Novice: 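Would you mind keeping the following structure in view while I ask a few things?
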Number of protein chains: 2
Amino acid sequence: MATGRNHRPATRSRGIPEATVARLPLYLRALTALSERSVPTVSSEELASAAGVNSAKLRKDFSYLGSYGTRGVGYDVEYLVYQISRELGLTQDWPVVIVGIGNLGAALANYGGFASRGFRVAALIDADHAMTGAQVAGLPVQHVDDLETIIRTNGVSIGVITTPGSAAQQVCDRLVGAGITSILNFAPTVLSVPDGVDVRKVDLSIELQILAFHEQRKATDELARNGGPGPSGAPPDDQGPEGDIPAVMPA
Amino acid sequence: MATGRNHRPATRSRGIPEATVARLPLYLRALTALSERSVPTVSSEELASAAGVNSAKLRKDFSYLGSYGTRGVGYDVEYLVYQISRELGLTQDWPVVIVGIGNLGAALANYGGFASRGFRVAALIDADHAMTGAQVAGLPVQHVDDLETIIRTNGVSIGVITTPGSAAQQVCDRLVGAGITSILNFAPTVLSVPDGVDVRKVDLSIELQILAFHEQRKATDELARNGGPGPSGAPPDDQGPEGDIPAVMPA
DNA sequence: ATGCCTTTGTGAACGCGTGCACAAAGACGG
DNA sequence: CCGTCTTTGTGCACGCGTTCACAAAGGCAT
């Protein structure tokens, strides 16, 4: 029991909740920092604080991986780094292609975070003939005509799309056709992919709009607080912003 | 202090669920495309398909905004564009500062998606004196020494951090000190901010690691299906973590 | 060896988000 | 003006994720 190695949750591969998977890289980063400082063990409280999460959540997350902690002591940093790395598949090499070598694509190619954990930029691809052969981040830009060959030759299964939105779906289709099964999409487009292909999107515009929403809310809250009690009989400042009726009702 | 205790009830924002807010920009984008094609009305089914979500979800989302549809007909595109824009606060101008003008910062400065919806890059800031005065995306790079002045002068409330991870928290503290209340963080660091400040993070490394996890799982599933005895109870019903999982989590 | 003290691992409750299914509402043809 | 047909808006149930709270587990001092 102590070795809970093959203690696979009844529902086989589905054992680890998606939300937990999304936090594992966060834990790994914090653990790596501890490892570099030669810290031998860490408690769930300390590690949770470093990762910016709740300690109970962290313990539950780790419980999905197995019992890797020691009660009364905490977790062995090195061991945990290894276990999480293995769970995330970072002990193997993941060649990645970047399609669309504009400003953003070039920035990603130069981004150190890529290479840091088993990810290797295998190729840079662009549709512009004028760019073909140019060196970006020490790699030659190759033409999109050779996309399928490049992917198959290098055994690439992860693709990053940094093209304009108008080209994204077309590129995506070709990537999937060539065997890519995981896509990180920076283009402002909803990609359609067949079952079995994972897509994650990073959308700067959407992030800003979400921030703007909260920013606006903060501004109106502030205004309501300072701008006068108002004869409408609304309580000036009740702790709960609840009961707030939409400011403008359509006629 | 400033131990990021972002305790967000998620339902606090004027009754609009956080998950809905995160989808509004998606709807807005689809609606804008329809508007440009002069499509007068759209059904929840059509719009949902264009935005890549479930139609029931879309209708429920809109129900939080009010009853802007017409039964038997659908939604008026122009009206909905306006309502969502207003709700998201996009009818006003949002000056933004970008701190850290490396490859990524420069890429963002050039990114068209910024200016597209009320967002305006008000200033570029970097700690490197050698960069001060250089033109990036038509704007002069200013030194971080003037950060507070720049922010106050331009009335900026949204900051984008594209510095190395080691500088992120320091920059963050100064931004907050200068009055910034919304931060989009690209640095691979957990930022601590006081209450009242929103932080959203975009972490390329984490996204890749999540993809790698699923990629590894797909590989082992495949292996088990081909290599192992079939009747071990592994039906191919596994549709995978399909769908558009937002790549950015609220901090 | 024993008892105390720390920390893990987890059962259970709760709350949010999602999707179903259907009644209400309105357009439209006759 | 009425019936039919389309589509919205939503009550309800379900499942996932989060959090609390605590018993079990193990180190450590005596």
Side-chain angles (χ1 to χ4, degrees), chain A residues 1-4 7 9-11 14-24 26-27 39-49 51-77 79-80 83 240 242 246 250, chain B residues 5-24 26-27 39-49 51-77 79-80 83 210 239 241-246 249-251:
Chain A
M1 173 58 175
T3 57
H7 177 56
T11 44
R14 193 49 117 171
I16 303 181
E18 189 60 31
T20 295
V21 173
R23 281 188 294 268
L24 289 183
L26 219 50
Y27 302 145
V39 177
T41 61
V42 65
S43 71
S44 63
E45 199 68 51
E46 289 171 309
L47 185 54
S49 171
V53 302
N54 183 295
S55 70
K57 193 186 297 185
L58 178 142
R59 287 198 300 275
K60 178 141 290 193
D61 283 342
F62 285 175
S63 78
Y64 292 117
L65 306 182
S67 291
Y68 294 152
T70 304
R71 297 174 190 233
V73 176
Y75 299 92
D76 183 278
V77 172
Y79 187 54
L80 207 44
Q83 288 299 341
E242 209 50 46
Chain B
R5 291 261 64 94
N6 296 33
H7 208 69
R8 180 154 44 192
T11 177
R12 184 179 63 187
S13 309
R14 171 97 75 62
I16 301 181
E18 191 59 31
T20 295
V21 173
R23 281 188 293 268
L24 290 181
L26 220 49
Y27 302 145
V39 177
T41 61
V42 65
S43 71
S44 64
E45 198 68 52
E46 289 171 309
L47 185 55
S49 171
V53 302
N54 184 297
S55 70
K57 193 185 299 184
L58 179 143
R59 288 198 298 276
K60 180 146 292 193
D61 284 342
F62 285 175
S63 77
Y64 293 117
L65 306 182
S67 291
Y68 294 152
T70 304
R71 296 177 190 228
V73 175
Y75 299 91
D76 182 279
V77 172
Y79 187 53
L80 206 45
Q83 289 298 341
I210 295 172
Q239 60 191 19
E242 177 54 33
D244 290 321
I245 307 166
M249 311 268 290

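Below, read A as the first sequence line, B as the second, and so on, with proteins coming before strands; counting in each chain starts at 1. Since we're looking at a predicted model, the values are computed, not measured.
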Novice: Atom OH of A/Tyr64 to atom P of D/dC16: distance rounded to whole Å?
Specialist: 10 Å
Novice: Taking only the side-chain nitrogens and oxygens of A/Tyr75, find out if one of them lies under 4.0 Å from OP1 or OP2 of C/dG9.
Specialist: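 Yes, within the criterion.
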Novice: Is there side-chain contact between B/Glu45 and B/Leu58, with heavy atoms separated by less than 4.5 Å?
Specialist: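 Heavy-atom side-chain distance check fails, nothing below 4.5 Å.
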Novice: Give me the residues of residues 39-48 of chain B where at least one heavy atom lies under 4.0 Å from an atom of DNA chain C, by number, or none.
Specialist: none
Novice: Tell me every residue that passes side-chain hydrogen bond (donor to acceptor under 3.5 Å, both in side chains) with A/Ser63, counting only those two or more places apart in sequence or in another chain.
Specialist: none
Novice: Identify the heavy atoms of B/Gly15 and B/Tyr64 that sit nearest to each other, and give their distance.
Specialist: O-CD2, 4.0 Å
Novice: In whole angstrom, what separates A/Leu58's CG from D/dC20's C1'?
Specialist: 16 Å
Novice: Could you pull out all residues at least two apart from B/Ser49 that satisfy side-chain hydrogen bond (donor to acceptor under 3.5 Å, both in side chains)?
Specialist: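 Partners of B/Ser49 under the side-chain hydrogen bond (donor to acceptor under 3.5 Å, both in side chains) test: none.
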Novice: List the protein contact pattern of nucleotides 20-30 of chain C with one symbol per nucleotide (5' to 3'): B for base contact, S for sugar-phosphate-only contact, - for none; contact means a heavy-atom distance under 4.0 Å.
Specialist: BB--BB-S---
Novice: Which whole-number value in Å describes the distance from A/Asp61 CG to D/dC16 C1'?
Specialist: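 Going from CG in A/Asp61 over to C1' in D/dC16 covers 13 Å.
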Novice: Is the centre of the B/Phe62 ring less than 6.0 Å from the centre of the B/Tyr68 ring?
Specialist: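 Centroid distance B/Phe62-B/Tyr68: not below 6.0 Å, so no.
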Novice: Please tell me if the side chains of B/Tyr75 and B/Thr70 come closer than 4.5 Å, counting only heavy atoms from C-beta onward.
Specialist: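 Result no, sub-4.5 Å side-chain heavy-atom pair not found.
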Novice: With sequence neighbours excluded, tell me which residues meet side-chain hydrogen bond (donor to acceptor under 3.5 Å, both in side chains) with B/Thr41.
Specialist: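 Partners of B/Thr41 by the side-chain hydrogen bond (donor to acceptor under 3.5 Å, both in side chains) criterion come out as none, since no residue qualifies.
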Novice: If a pair satisfies salt bridge (Lys or Arg N to Asp or Glu O under 4.0 Å) and one of its residues is in residues 60-69 of chain A, list it, with sequence neighbours excluded.
Specialist: A/Arg23-A/Asp61
Novice: Classify B/Phe62 by what it touches in the nucleic acid, base, sugar-phosphate, or nothing, heavy-atom distance under 4.0 Å.
Specialist: nothing
Novice: Rounded off to whole Å, could you give me the CG-to-P distance for the B/Leu80 and D/dT7 pair?
Specialist: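 So the CG-P distance, B/Leu80 to D/dT7, works out to 16 Å.
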Novice: Can you give me the closest heavy-atom contact between A/Leu47 and A/Tyr27, atom names plus distance?
Specialist: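 Result for this residue pair: CD1-O, 4.4 Å.
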Novice: Take atom CZ of A/Arg23 and atom C1' of D/dT19, then tell me their distance rounded to the nearest Å.
Specialist: 12 Å
Novice: Measure the distance from OH on A/Tyr68 to C1' on C/dT10 and round it to the nearest whole Å.
Specialist: 17 Å
Novice: Rounding to a whole Å, what distance do you find between A/Glu18:CD and D/dG17:P?
Specialist: 8 Å
